[in-house]
Amino acid sequence: MPGDIAISVRGLSKAYTITHNAERHVTLAEATLHRLRHPFQKQQKETFWALRDISFDIKKGDVVGIIGRNGAGKSTLLKIVSRITEPTQGEIDLYGRVGSLLEVGTGFHPELTGRENIYLNGHILGMRKGEIDKQFDAIVDFAGVEQFLDTPVKRYSSGMYVRLAFAVAAHLDCEIVVVDEVLAVGDTEFQKKCLGKMQDVSNSGRTVFFVSHNMAAVSNLCRTGIVLDGGRLSFIGSARDSIDYYVSRANARQQADSDGDMQTCRPSWARPTIRGARVIDADGNTVSCLRLGSDLGFELSFDVGDGAPLVNPVMGVVLNHPTFGAVGGVNMIMTATRMENGPHRTGTIRCLLRRPPLLQGEYRVDLWLNEGLTYVDLLSGYLTFSLEESDVYGTGRTPYKQMGVMYFEPEWRFGDGVQPRPVVALDGERVECA
């Protein structure tokens, strides 16, 4: 095996046995009585393959993002890499010491103090006492729990507990770091601190195996991406190409799963004139999932059938957030836009929004068709789309979804002729942008 390989996986598969009609018994007497009453009953078992025939090589110093839907096999793969579970088939070779951060807080004892749990948790994660002593002050400073260091962790708030657990695991001294969804823990400020620490790890030359549903974090931290789908290796390439592949597959899957029943989305007064509707990107492709800051479009096709033609067809769009309700809308009358060469019996109208400043989340679309100011048809919630996190500012930071439904693109100015200079702050360090 070449000396630049850190992880080599060949034909890796993992199967679990699922029992469907197992009876649960509290006592031995209950189990014995059930067996006597049903002597010939057999349990129905099914073999579930969490991973199937996975093969790849990871070079030393590479930062690899593992992405995929829930149940795709991401965590199972990380547990095998971490030697927590054994594969059913295939083999995996690791060239270096492995440190795992799979479930934050594993090994904490509620009756022990924070100080004692640092040593306990460090040993469980593979650290020697001398290594823990060396990193102790850094762990405490990172967690911000110095005042409560000699307090049993059962009295910690959930946030303090998570901070201390991540701080211990983040200071592992090893060649291969395996990380599973750690950026989803803690408050917003601590998540940013975690992201900065993960960037330090990725820049230190260590090999990092990173699982996350945060596409912005994968894009910023990782150089290589692996997409898992149904337990199989679906794609491997650069992080950006892997994210594009994953998003495109999600678009196709959501489109295929659409029920397509327009009539259930119409009010009673509507005249069924809209025959087709879809969410599109700037190139006119049908989509249901886009990145933050992408162009977003909507298209409707109408056909009046035996009804009166439309002299002045007007399209309107209203976007709705599940929490905040309507977040904005537009129609052709507002923008003084008219469909010429009428009247029209059939037609297609598109509305393209350039970089709408919407934050990540799921959105529902109300699509209107009018004859001038007179309502003709309405599809309420027939179209939906989602926006994924993205580095819209190009700084390695993403807007926070807790800030509402919009992000801004500001222009900063200073008095006395002082010119602004882009600076990115990461964990207290100021890094000037080129």
Side-chain angles (χ1 to χ4, degrees), residues 1 5-24 41-59 62-96 98-104 106 176-182 184 207-215 217-218 222 224-239 241-258 288-289 388:
M1 183 62 62
I5 297 297
I7 303 173
S8 179
V9 174
R10 289 291 176 269
L12 194 68
S13 298
K14 179 63 179 178
Y16 293 97
T17 300
I18 302 175
T19 303
H20 291 289
N21 62 341
E23 294 286 343
R24 294 179 178 269
Q41 184 181 39
K42 294 183 178 180
Q43 294 182 349
Q44 296 178 3
K45 296 183 178 181
E46 174 189 354
T47 299
F48 171 73
W49 290 92
L51 293 174
R52 197 67 183 262
D53 196 24
I54 303 290
S55 298
F56 57 83
D57 290 326
I58 301 300
K59 293 184 177 180
D62 200 358
V63 184
V64 183
I66 314 296
I67 57 180
R69 296 191 300 168
N70 290 331
K74 305 183 299 297
S75 295
T76 301
L77 177 59
L78 262 59
K79 288 178 181 178
I80 294 176
V81 172
S82 303
R83 303 299 197 194
I84 293 174
T85 185
E86 291 295 322
T88 305
Q89 298 173 357
E91 59 183 19
I92 178 169
D93 295 319
L94 303 173
Y95 299 90
V98 178
S100 302
L101 178 52
L102 301 184
E103 297 182 12
V104 175
T106 300
I176 301 173
V177 181
V178 179
V179 185
D180 189 0
E181 280 293 4
V182 295
T207 305
V208 180
F209 229 44
F210 178 58
V211 163
S212 180
H213 289 286
N214 185 331
M215 295 298 110
V218 173
C222 303
T224 302
I226 292 177
V227 182
L228 295 181
D229 189 0
R232 295 184 179 272
L233 178 61
S234 184
F235 184 89
I236 183 169
S238 69
D241 289 343
S242 298
I243 292 172
D244 289 341
Y245 176 85
Y246 172 69
V247 171
S248 67
R249 289 291 296 270
N251 289 337
R253 186 179 292 110
Q254 290 183 26
Q255 185 65 27
D257 292 341
S258 176
S288 57
C289 182
E388 298 281 354

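Count residues from 1 along the sequence. Values below: all heavy atoms of this structure, side chains included; hydrogens, waters and symmetry mates excluded.
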**Q** What pairs with Asp241 under side-chain hydrogen bond (donor to acceptor under 3.5 Å, both in side chains), at least two apart in sequence or on another chain?
**A**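 side-chain hydrogen bond (donor to acceptor under 3.5 Å, both in side chains) check on Asp241 returns Ser238.
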
**Q** Any donor and acceptor pair, going by atom type alone, linking the side chain of Lys74 with main-chain N or O of Gly68 inside 3.5 Å?
**A**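 Checking the backbone N and O of Gly68 against the side chain of Lys74, a donor-acceptor pair under 3.5 Å is found.
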
**Q** For the atom pair OG1 (Thr224) and NZ (Lys59), what is the distance rounded to the nearest 0.5 Å?
**A**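 The NZ atom of Lys59 is 9.0 Å from OG1 of Thr224, to the nearest 0.5 Å.
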
**Q** For Thr88, check side-chain hydrogen bond (donor to acceptor under 3.5 Å, both in side chains) against everything at least two apart and list the hits.
**A**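 Not a single residue meets the side-chain hydrogen bond (donor to acceptor under 3.5 Å, both in side chains) criterion with Thr88.
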
**Q** Given side chain to side chain contact (heavy atoms under 4.5 Å, CB included), test Leu77 with Leu12 step by step and report yes or no.
**A** CA-CA 9 Å; Leu77 177 59; Leu12 194 68; 3.8 Å; yes

**Q** Does Ser242 use its side chain to pair, donor to acceptor, with the backbone of Ile236 at less than 3.5 Å?
**A**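 It does not hold such a pair.
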
**Q** Looking at residues at least two apart in the chain, or sitting in another chain, which of them share a side chain to side chain contact (heavy atoms under 4.5 Å, CB included) with Thr207?
**A**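 So Thr207 forms a side chain to side chain contact (heavy atoms under 4.5 Å, CB included) with Ala6, Ile58, Lys60, Ile176.
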
**Q** Are the side chain of Thr85 and the backbone of Ile80 linked by a donor-acceptor contact shorter than 3.5 Å?
**A**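 No, because the side chain of Thr85 does not come within donor-acceptor range (under 3.5 Å) of the backbone of Ile80.
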
**Q** So, for Phe209 and Leu78, which heavy atoms are closest and what is the spacing to 0.1 Å?
**A**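 Reported closest heavy-atom pair: CD2-CD1, 3.8 Å.
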
**Q** Who pairs with Thr47 by side chain to side chain contact (heavy atoms under 4.5 Å, CB included), at least two apart in sequence or on another chain?
**A**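 If we apply the side chain to side chain contact (heavy atoms under 4.5 Å, CB included) test to Thr47, skipping adjacent residues, the hits are Ala15, Trp49.
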
**Q** Once side-chain hydrogen bond (donor to acceptor under 3.5 Å, both in side chains) is applied, do any residues pair with Thr76, and if so which ones, sequence neighbours excluded?
**A**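 Not a single residue meets the side-chain hydrogen bond (donor to acceptor under 3.5 Å, both in side chains) criterion with Thr76.
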
**Q** So do the side chains of Ile54 and Leu228 get within less than 4.5 Å of each other, counting heavy atoms only?
**A**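 Contact flag for Ile54/Leu228 side chains = yes.
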
**Q** Under the side chain to side chain contact (heavy atoms under 4.5 Å, CB included) criterion, do Ile243 and Glu388 qualify, and how do the steps go?
**A** CA-CA 11 Å; Ile243 292 172; Glu388 298 281 354; over 6 Å; no

**Q** Looking at residues at least two apart in the chain, or sitting in another chain, which of them share a side chain to side chain contact (heavy atoms under 4.5 Å, CB included) with Ser234?
**A**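 With neighbours one apart ignored, the set is Val227, Asp229, Tyr245, Arg249.
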
**Q** Can you tell me how far CD1 of Ile226 sits from CZ of Phe56, rounded to the nearest 0.5 angstrom?
**A**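 Taking CZ in Phe56 and CD1 in Ile226, the distance rounds to 4.0 Å.
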
**Q** Can you give me the closest heavy-atom contact between Cys222 and Ala239, atom names plus distance?
**A**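 Closest heavy-atom pair between Cys222 and Ala239: O-CB, 3.4 Å.
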
**Q** Any idea which heavy atoms bring Pro87 and Lys14 closest together, and the distance?
**A**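 That would be CA-CD, 4.2 Å.
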
**Q** Only counting residues at least two apart or in another chain, list the ones meeting side-chain hydrogen bond (donor to acceptor under 3.5 Å, both in side chains) with Ser82.
**A**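 Expected list: Ser100.
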
**Q** What's the spacing between Arg232 CZ and Ser13 OG if we round to 0.5 Å?
**A**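 Between Arg232 CZ and Ser13 OG, I get 8.0 Å after rounding to 0.5 Å.
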
**Q** With rounding to the nearest 0.5 Å, note down the distance linking OG in Ser8 to CG in Asp57.
**A**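 With rounding to 0.5 Å, OG (Ser8) is 4.0 Å from CG (Asp57).
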
**Q** Decide yes or no for Arg83 and Ile92: does some side-chain heavy atom of the first lie under 4.5 Å from some side-chain heavy atom of the second?
**A**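 Result yes, sub-4.5 Å side-chain heavy-atom pair found.
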
**Q** Could you measure the distance from the CD1 atom of Ile67 to the OG atom of Ser212? Nearest 0.5 Å is fine.
**A**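 So the gap between those two atoms works out to 9.5 Å.
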
